[in-house]
Amino acid sequence: MNIPYFCKMDREKKETCHAAKYSLLLTSLPWLVHAVNGLFTLRLQEYGLRPLDGQGLGGIVTLPFLHEGTDHLISNTPSLFLLLFGLFLFYRNTAWTILLSLYLVSGLLTWFMGRPGSIHIGASGLAYALAAFHFTGGIIKKVPRQMAFALLVAFLYGGFVWAFFPTLYRDTGISWEGHLSGLMTGILFAFYFRRSGPAPPVYPALEEEDDAENDEDAWWRLPENESGEH
């Protein structure tokens, strides 16, 4: 795929363009499925995730692409785009591996935790996994840009902490199991992939001071004119 001219200005802008391109591509897929589903009246929602049902395991794959309606899809799209953008921007070399891990494990946990007989659809579980991954990763890695992104995630999607209180969703059609599964998965893989992505900044001056303090013999290593010998 050809990269637009403005993406070739410098490395930082090029990386930003690549992140935007991949996140736009991935967030457009549920819209494509939704359009085909509505155009041909396929009722693809029936192929969502069915917890504890062997035939419903395939729903782990289809889950993020199926939505109840246009409003449901619209509510998930902005957060999914932003969180995928952050993933491809900060984790260029491992973004696909991280995404696949969050995608499959959060879906599998939902399959185990969900109520038998229910059908789970929507990308909110994956969005919860990405949000928890970015927030936890930003805290434990202490990379300034990632910490700033983690604060943005907390500001925009701070409500994801309510997934710890599933009783709030029991009488609704919202998949609290998917939210909680995504939250748990995101935290888990934030620690697992903590060495991926940008490294924390290094401050050489502070390192030199620490080395001097840790050197027990440094006190006697004085120049000759300061050692008392003539």
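Looking at Ser118 and Pro51, their side chains come closer than 4.5 Å, going by heavy atoms from C-beta outward. For the pair Thr62 and Leu49, the minimum side-chain heavy-atom distance is 4.5 Å or more. Residues Tyr157 and Leu82 meet the side-chain proximity criterion, which asks for heavy atoms closer than 4.5 Å. Contact of the Leu130 side chain with the Leu80 side chain is registered, since non-hydrogen atoms from C-beta on lie closer than 4.5 Å. Side-chain contact check for Phe133 versus Leu87: some heavy-atom pair is nearer than 4.5 Å. Looking at heavy atoms from C-beta onward, Ile187 lies in side-chain contact with Phe191 at the 4.5 angstrom threshold. Side-chain contact between Leu73 and Pro30: present, with at least one pair of heavy atoms (C-beta onward) separated by less than 4.5 Å. Residues His67 and Asn37 form no side-chain contact, since every pair of their non-hydrogen atoms from C-beta on lies 4.5 Å or further apart.
Of all non-hydrogen atoms in Tyr103 and Pro64, the two that sit nearest each other are CE1-CG, 3.3 Å. The two residues Trp111 and Asp53 make their nearest non-hydrogen contact at NE1-O, 3.0 Å. Taking each heavy atom of Leu102 and Gly186 in turn, the nearest pair found is CD2-CA, 3.9 Å. When all heavy atoms of Ala154 and Phe135 are compared, the closest pair comes out as CB-CE1, 3.7 Å. The two residues Ser106 and Gly182 come nearest to each other via the heavy atoms CB-CA, 4.0 Å. Across all their heavy atoms, Met113 and Glu177 have their closest contact at O-CG, 3.6 Å.
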Inset, instruction - Take Leu188 and Thr136, measure what side-chain contact (heavy atoms from CB on, under 4.5 Å) needs, and give me the verdict at the end. - result: CA-CA 9 Å; Leu188 172 66; Thr136 308; over 6 Å; no
Inset, instruction - Dump the intermediate steps for side-chain contact (heavy atoms from CB on, under 4.5 Å) on Phe85 and Thr16, then the final yes or no. - result: CA-CA 8 Å; Phe85 175 77; Thr16 303; 3.7 Å; yes
Inset, instruction - Could you walk me through whether Arg50 and Gln55 pass side-chain contact (heavy atoms from CB on, under 4.5 Å), step by step? - result: CA-CA 8 Å; Arg50 297 175 182 268; Gln55 296 181 349; over 6 Å; no
Legend entry - Test side-chain contact (heavy atoms from CB on, under 4.5 Å) applied to Leu108 and Leu104, step by step: CA-CA 6 Å; Leu108 184 61; Leu104 295 179; over 6 Å; no
Legend entry - Test log, rule side-chain hydrogen bond (donor to acceptor under 3.5 Å, both in side chains), inputs Thr110 and His120: CA-CA 8 Å; Thr110 304; His120 295 253; over 6 Å; no
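Grouping the Ile, Leu, Val, Met, Phe, Trp and Tyr side chains by contacts below 4.5 angstrom, directly or via other members, places Leu26 with Val33. With hydrophobic clusters built from ILVMFWY side chains whose heavy atoms lie under 4.5 angstrom apart, Phe81 does not share a cluster with Val153. There is no path of hydrophobic side-chain contacts, each under 4.5 Å, that joins Leu152 to Met147. Following chains of ILVMFWY side-chain contacts shorter than 4.5 Å, one cannot reach Ile74 starting from Leu63, and the two form parts of different hydrophobic clusters. Met184 and Ile174 fall within a single hydrophobic cluster, where Ile, Leu, Val, Met, Phe, Trp and Tyr side chains are chained together by heavy-atom contacts under 4.5 Å.
Atom CZ of residue Phe88 and atom CG of residue Leu24 lie 12.0 Å apart, to the nearest 0.5 angstrom. Between Thr185 atom OG1 and Leu180 atom CG the span is 9.0 Å, to the nearest 0.5 Å. Expressed to the nearest 0.5 Å, how far OG of Ser181 lies from CH2 of Trp176 amounts to 8.0 Å. A distance of 7.5 Å separates NE2 of His134 from CG of Leu84, quoted to the nearest 0.5 Å. The structure places CG of Leu32 at 12.0 Å from OG1 of Thr27, a figure rounded to the nearest 0.5 Å. Interatomic distance, NZ of Lys141 versus OG of Ser196, reported as 6.5 Å (0.5 Å rounding).
Aromatic rings of Phe193 and Tyr91 (six-membered ring for Trp) have centroids beyond the 6.0 Å cut-off, not under it.
Environment of CZ in Phe189: crowded, with over 12 heavy atoms of neighbouring residues, nucleotides or ligands closer than 6.0 Å.
Arg92 meets the side chain to side chain contact (heavy atoms under 4.5 Å, CB included) test with Arg11, Glu15; sequence neighbours excluded.
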